[in-house]
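Worksheet: the structure to be examined is printed underneath.
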Amino acid sequence: MQVTETKNEGLAREFKVVVPAALIEEKVVAKLDEIKDQVRLPGFRPGKIPAKLLRQRYGQSVMGEVLEATVNENTGKVLNDNDLRPAVQPKIEVTKFDEGGDLEFDIAVEVIPAIEAMDFKKLTLTREVVELDDSKVDETLERIAAAQGTTAPLARKRKSKTGDVVVIDFLGKIDGEAFEGGKAEDYELELGSGSFIEGFEEQLTGVNAGDELVVKVKFPEAYGAAELAGKDAEFDVTVKEIKEKKPAELDDELAKKLGQESFEALKDAIRKDYGREYESVSRQKMKRELLDALAENHSFELPTSLVDNELEGIIGQIKQAREAGQEDDETKGKSEEELTDEFREIAERRVLLGLLLAEVGRKNEIQVTQEDVNKVLVAEAQKYPGQEQQVIEFYKNNPQALQALQGPVYEDKVVDFIVELAKVEDKTVTVDELLKPEEEEEAPKKKKSAAKKAPAKKDAEKKAPAKKAAAKKPAAKKKAD
């Protein structure tokens with residue numbers, strides 16, 4: 001094999017490779033010899049087919065296999081011999097091959113740059129710590145009591161208010177005509193629950209049992225049932241009864257109903273849940289601070305192909321959100337060219353951090369263990385109650401999906417490694433301070449984490465199937481899955 005480097009500029013490398021015809025012929029002969037015992041032709045015993053006939057019948061397919069294997073094998077050798085680590089799959093172009101002649105092909109590849117990580121011991125990070133008081137626990141207990149409570153007829157006559165349950169008959173009409181699914185009797189509606197379309201529940205607040213009224217509403221433009229979307233509707237409503245909610249007693253009986261041994265055990269479980277939640281939020285904020293510091297303290301040439309791929313993914317998600325009517329205000333009305341200019345810096349930041357974390361993990365032999373994989377699989381499966389086994393089987397049978405699931409685990413292990421080396425200062429904060437939305441925090445001198453701003457990082461809100469929702473209660477607002 002003859003290899004000539006034809007380009008060495010920045011991270012771009014190109015090579016011209018020539019494989020001698022004799023070597024190609026040797027591989028073809030070997031491959032034909034390998035298959036001769038497996039081939040069956042009328043009039044010949046297995047393994048006794050003449051080489052010339054075997055070549056006539058199978059030469060072309062064998063040649064294709066040999067050429068593909070030769071290109072792959074020699075591409076790998078070129079990369080290894082030159083100590084190159086590709087950033088993306090190399091581009092291969094066969095430039096010349098005639099049967100009986102040499103094989104010539106070109107390799108074009110972008111390589112991962114040399115990355116020199118900073119001394120992580122010089123980093124100072126802040127870990128926010130919350131001193132949990134019982135007020136949050138008490139609030140949660142009140143919500144549990146309300147959710148587990150019962151409803152009962154009003155002890156004395158009064159008008160309905162938010163939190164009450166009204167028992168109603170209703171008939172929905174558009175342009176005076178009743179529409180399918182717009183009728184119900186003895187329907188129990190909790191006022192303030194937001195389960196019906198906007199404006200419906202509000203008009204049933206402040207009414208008396210026995211009242212008959214017309215509720216006027218407008219279906220949202222994005223309503224699931226297309227025949228109702230954006231339409232003005234009127235509902236003839238009869239208020240048959242008003243019930244008030246009675247919260248459950250906060251006692252051992254309630255705790256046992258919720259799977260705890262006692263009321264004190266329930267309180268302790270709630271307290272621990274809050275502790276885990278706040279610890280997770282604190283960790284994410286510290287991780288964000290770390291990534292900002294890493295981006296600020298590192299600079300190296302980035303593979304153009306990786307940046308372009310990342311940018312394409314960001315723009316693609318914006319387009320999907322736009323088509324689904326769920327686009328962020330910050331990107332509305334912007335052309336693809338404007339979006340490309342705006343989000344290139346974000347793509348570059350993501351690529352820089354991804355390469356840096358991967359290099360730190362590689363040099364320090366950080367790996368995702370089977371135990372790590374099992375944990376993340378179980379956690380993912382638990383998101384789908386009743387389908388846990390199907391979820392686990394899906395990932396086991398789809399290596400690419402499993403790899404995507406492992407990516408964040410690997411990143412977190414590298415982040416944990418860096419945090420162990422950095423100086424971490426604990427800062428006691430209130431719950432409100434910990435949970436304060438980012439935009440309310442004091443803006444840092446430098447630009448905030450670009451990764452946080454990219455719409456591609458946001459999950460598109462999923463809406464319930466419109467037809468299904470309409471069939472059950474067409475006056476109901478669509479909810480997120």
Side-chain angles (χ1 to χ4, degrees), residues 143 146-154 157-246 320-328 383-387 390-391 458-481:
R143 288 197 296 271
Q148 296 293 323
T150 58
T151 58
L154 295 177
K157 185 177 180 179
R158 62 167 173 80
K159 293 185 176 182
S160 63
K161 63 181 181 179
T162 299
D164 286 343
V165 173
V166 291
V167 182
I168 59 175
D169 293 345
F170 63 80
L171 175 64
K173 300 176 183 178
I174 293 179
D175 296 331
E177 296 291 332
F179 56 86
E180 184 180 357
K183 179 181 179 181
E185 296 180 355
D186 295 327
Y187 189 93
E188 296 195 357
L189 172 63
E190 181 182 345
L191 301 181
S193 65
S195 57
F196 273 33
I197 60 176
E198 187 176 354
F200 193 101
E201 294 169 30
E202 290 82 351
Q203 295 177 59
L204 291 179
T205 303
V207 300
N208 290 304
D211 284 355
E212 296 182 358
L213 63 156
V214 176
V215 173
K216 298 181 178 181
V217 294
K218 183 182 181 68
F219 282 94
E221 295 292 343
Y223 192 71
E227 66 275 14
L228 302 178
K231 298 288 184 65
D232 291 315
E234 293 184 351
F235 287 83
D236 296 332
V237 180
T238 300
V239 182
K240 303 177 76 172
E241 187 179 7
I242 300 174
K243 299 180 180 180
E244 57 186 347
K245 299 186 72 173
K246 299 287 186 181
Q320 288 179 3
R322 181 174 290 175
E323 291 172 0
Q326 298 168 339
E327 185 180 8
D328 290 342
K383 297 177 183 178
Y384 305 90
Q387 303 178 54
Q390 294 97 309
V391 172
K458 298 178 181 178
D459 291 330
E461 185 184 3
K462 297 179 180 178
K463 301 293 184 182
K467 293 287 186 181
K468 186 176 180 182
K472 288 186 175 180
K473 44 181 182 181
K477 182 192 297 180
K478 294 192 301 175
K479 292 185 176 181
D481 285 340

Please evaluate residues D169 and D186 with respect to the criterion side chain to side chain contact (heavy atoms under 4.5 Å, CB included), reporting the C-alpha separation (whole Å), side-chain torsions for both, the decisive distance (0.1 Å), and the verdict. CA-CA 5 Å; D169 293 345; D186 295 327; 3.9 Å; yes
Is there a side-chain contact between S160 and V239 in this structure, where contact means two heavy atoms from C-beta onward sitting under 4.5 Å apart? no
How far does CD of E190 sit from NZ of K243, to the nearest 0.5 angstrom? 12.5 Å
When every non-hydrogen atom of K245 is compared with those of T151, the smallest separation belongs to CG-CG2, 4.0 Å
Would you give the length of the straight line joining atom CG of D164 to atom CD of E201, rounded to the nearest 0.5 angstrom? 12.0 Å
Look up atom CD1 in I174 and atom CG in L228, then write down how far apart they are to the nearest 0.5 Å. 5.0 Å
Does Q390 CD have over 12 foreign heavy atoms under 6.0 Å away? yes
G192 to T162 - nearest heavy-atom pair and separation: CA-CG2, 4.0 Å
Can you measure from CG (L191) to CD (E202) and round to the nearest 0.5 angstrom? 9.0 Å
About how many Å separate OG1 of T150 and NZ of K246, when rounded to the nearest 0.5 Å? 8.5 Å
Measuring only between side-chain heavy atoms, which start at C-beta, is E227 closer than 4.5 Å to E180? no
Taking all non-hydrogen atoms of both residues, which atom of T205 and which atom of K161 are closest, and how far apart? CG2-CA, 4.0 Å
Look at the side chain of Q203 and the backbone N and O of G199, then say whether any donor-acceptor pair between them is shorter than 3.5 Å. yes
Are any of the side-chain heavy atoms of E241 and P153 separated by less than 4.5 Å? yes
If you measure from CZ on F235 to CD1 on I197, what distance do you get to the nearest 0.5 Å? 5.5 Å
Smallest separation among heavy atoms of D236 and K173, with atom names: OD2-NZ, 3.2 Å
Got a list of side-chain donor-acceptor pairs under 3.5 Å for residues 209-219, not counting sequence neighbours?
from : atom 1 : to   : atom 2 : distance (Å)
D211 : OD2    : N208 : N      : 2.8
K218 : NZ     : G230 : O      : 2.9

Is the Y187 to F196 ring centre distance short of 6.0 Å? yes
